[in-house]
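All remarks here apply to the structure that follows.
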Amino acid sequence: MQLHSLSGHLDPKPPFSFTQSLDFIESFTPVAGEQNTQKRALIKAIMAAEQPILFKVTEAEAVRQPTLDYIMYTECPADKMLENAALDRIRFYLSLDNDLLPFYEMAEQDPPFREVVQQLYGFHQVKFATPFENACWAVLTQRMAEPAARSLKRCLVERFGSKLQLDGDGYWAFPSARQLNKAGEGEIAATINHSRKAGYLAAAAYAFSSVEEEWLRTGDYNEVHSWLRDIKGIGEWSANFVLVRGLGRMEHIEIEKNLIEAARRVYGSQIAEKDLQDIAEGFTAWQGYWALYLRTGGLAQTL
């Protein structure tokens with residue numbers, strides 16, 4: 001099928017490093033193999049306005065005056081609504097509108113953490129492509145090793161998602177909540193051969209297809225948290241995971257085992273959990289970014 005294309009420019013909020021974004025994507029195992037980052041470009045398929053979109057993003061300028069060039073590919077000519085929905089999805093996925101300067105100013109008062117910021121300078125969080133995909137991944141990884149969860153995710157994508165071809169390569173867009181909700185629990189169970197997870201996935205699909213994502217992104221934090229916790233199969237950890245990694249809600253975090261391990265590589269092995277909680281709260285609305293940088297900086301050191 002001949003794809004239709006649109007091109008243009010995206011202006012991230014500086015400082016922004018596309019190199020840091022690509023490095024993170026390449027090391028983020030939940031989406032391994034789902035996009036192409038060769039030649040320091042990003043090619044990925046997503047769903048926007050219930051339509052599959054394939055986009056290619058390349059860097060045009062430097063960190064302090066960043067510009068990204070994009071080409072968007074669609075099966076049918078994109079109207080303005082689809083174009084705007086796709087651009088919003090790309091901007092949100094790459095967190096292009098995050099102004100990191102207040103966060104970096106806070107980091108200046110924290111010498112151990114300042115070194116992490118210097119290492120990751122310009123890194124804007126790369127989220128899951130959609131919060132629904134994040135919720136599905138949270139369900140799939142419950143009591144299951146990550147390789148097995150990735151296999152089930154692949155089954156879902158190939159059965160219910162959409163595939164677009166570019167230069168001989170195929171790219172799959174993870175299904176939208178409406179697509180999975182339409183399929184129903186029985187068909188999901190037959191696809192992944194796991195009845196309990198199928199029930200949880202169906203519950204998530206119903207919930208996410210019944211709410212406006214804008215409210216999830218910007219609504220009262222406690223109300224959104226409660227809404228997530230009301231979804232069958234979404235526990236406290238999963239709700240917090242989706243809030244940060246799917247919705248970019250950085251106002252609150254949980255001090256859990258992996259974060260403690262990452263933090264101790266920066267602040268010393270003897271630092272107490274209570275002290276880490278105090279440090280996190282000192283970053284106020286940026287504590288999610290503090291946690292993300294701690295985890296990502298530690299990951300980079302081990303790669």
Side-chain angles (χ1 to χ4, degrees), residues 10-13 16 21 24-25 28 30-31 42 44-51 53 55 57 68 70 72 80-103 123-139 173-181 203-231 233-254 280 283-293 296:
L10 297 167
D11 297 317
K13 192 75 173 179
F16 173 81
S21 300
F24 180 84
I25 292 169
F28 190 50
V31 298
L42 171 62
K44 186 175 180 65
I46 57 173
M47 293 296 294
E50 299 302 311
Q51 299 293 321
I53 305 294
F55 67 88
V57 174
L68 300 176
Y70 72 83
M72 184 191 310
K80 200 63 180 176
M81 183 183 75
L82 178 57
E83 180 183 1
N84 288 341
L87 291 176
D88 173 75
R89 176 64 62 202
I90 296 167
R91 294 192 71 88
F92 192 67
Y93 163 61
L94 295 173
S95 299
L96 299 185
D97 297 314
N98 288 175
D99 181 1
L100 299 183
L101 289 180
F103 170 55
F123 172 50
H124 290 223
Q125 175 178 215
V126 181
K127 306 179 184 74
F128 281 83
T130 68
F132 175 63
E133 179 181 341
N134 191 169
C136 290
W137 179 250
V139 167
F174 191 84
S176 69
R178 288 185 175 88
Q179 285 176 301
L180 215 57
N181 187 52
Y206 176 78
F208 276 87
S209 64
S210 306
V211 71
E212 292 294 331
E213 187 176 321
E214 184 62 24
W215 177 74
L216 297 177
R217 295 184 189 182
T218 63
D220 179 81
Y221 182 93
N222 291 326
E223 291 180 9
V224 175
H225 179 271
S226 295
W227 180 87
L228 286 165
R229 288 289 281 110
D230 285 342
I231 301 172
I234 300 295
E236 184 66 18
W237 183 89
S238 296
N240 290 322
F241 184 34
V242 174
L243 281 163
V244 174
R245 298 291 293 115
L247 291 165
R249 303 297 300 260
M250 299 301 207
E251 304 98 307
H252 302 286
I253 57 164
E254 296 295 320
F283 279 91
T284 61
W286 294 97
Q287 57 188 274
Y289 255 101
W290 171 77
L292 175 67
Y293 268 50
T296 305

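Positions are given from 1, in the same order as the sequence printed here.
Here the side chains of L243 and H225 are in contact, with some heavy-atom distance below 4.5 Å. L94 has its side chain out of reach of H124: every pair of non-hydrogen atoms, C-beta onward, lies at least 4.5 Å apart. Counting heavy atoms from C-beta on, the side chains of L292 and V244 never come closer than 4.5 Å. The shortest side-chain heavy-atom distance between F174 and C136 falls under the 4.5 Å cut-off. Inter-residue side-chain proximity for Q51 and M81 is flagged as unmet; no heavy-atom pair is nearer than 4.5 Å. Looking at D97 and K13, their side chains never come closer than 4.5 Å, going by heavy atoms from C-beta outward. Inter-residue side-chain proximity for D220 and W227 is flagged as unmet; no heavy-atom pair is nearer than 4.5 Å. At a threshold of 4.5 Å between non-hydrogen side-chain atoms, the residues Y70 and L87 count as touching.
In terms of modelled atom types and a separation under 3.5 Å, the side chain of S95 and the main chain of N98 share no donor-acceptor contact. Of the possible polar contacts, none joining the R249 side chain to the N240 backbone as a donor-acceptor pair under 3.5 Å is found. R229 places a side-chain N or O within donor-acceptor distance of the main-chain N or O of I234, the cut-off being under 3.5 Å.
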Test F28 against V126 for side chain to side chain contact (heavy atoms under 4.5 Å, CB included), laying out the working first.
CA-CA 10 Å; F28 190 50; V126 181; over 6 Å; no
Step-by-step side chain to side chain contact (heavy atoms under 4.5 Å, CB included) determination, L10 to R91:
CA-CA 8 Å; L10 297 167; R91 294 192 71 88; 3.7 Å; yes
Report the C-alpha separation of M47 and R89 in whole Å, then their side-chain angles, then the decisive distance to 0.1 Å, and conclude whether the side chain to side chain contact (heavy atoms under 4.5 Å, CB included) test is met.
CA-CA 8 Å; M47 293 296 294; R89 176 64 62 202; over 6 Å; no
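Scored by the salt bridge (charged side-chain N to carboxylate O under 4.0 Å, His left out) test, E50 finds R178 as partners (sequence neighbours excluded). F92 meets the ring pair (Phe, Tyr, Trp, His ring centres under 6.0 Å) test with no other residue; sequence neighbours excluded.
Just one of F103, Y289, W286 meets the side chain to side chain contact (heavy atoms under 4.5 Å, CB included) condition when paired with M250; it is Y289.
Atom-to-atom distance recorded for F208:CZ and I231:CD1 is 4.5 Å, nearest 0.5 angstrom. Rounded to the nearest 0.5 Å, atoms CG (D88) and CG (L96) are 10.5 Å apart. Here OG of S238 is found 9.5 Å from CG of L228. Values are rounded to the nearest 0.5 Å. For the atom pair CD1 of I90 and CG of L68, the computed distance is 10.0 Å after rounding to the nearest 0.5 Å. In this structure, OG in S176 is found 8.0 Å from CG in L180, a value given to the nearest 0.5 Å. Rounded to the nearest 0.5 angstrom, Q287 CD and H252 NE2 are separated by 6.5 Å.
Nearest heavy-atom pair across A129 and Y93 is CA-CD1, 3.8 Å. Here the closest non-hydrogen pair linking L216 and V211 is CD1-CG1, 3.9 Å. A pairwise comparison of heavy atoms in G248 and Q125 identifies CA-NE2, 3.9 Å as the closest pair. Looking at every heavy atom in both residues, I46 comes nearest to A86 through CD1-O, 4.4 Å. Among all heavy-atom pairs drawn from A48 and L82, the shortest one is O-CD1, 3.4 Å. What you find for G246 and K127 is that their closest heavy atoms are O-CD, 3.9 Å.
Using bins of under 30°, 30° to 60° and over 60° for the plane-to-plane angle, the ring pair Y293/F123 lands in the tilted bin.
Here F132 and W137 keep their ring centres 6.0 angstrom or further from each other.
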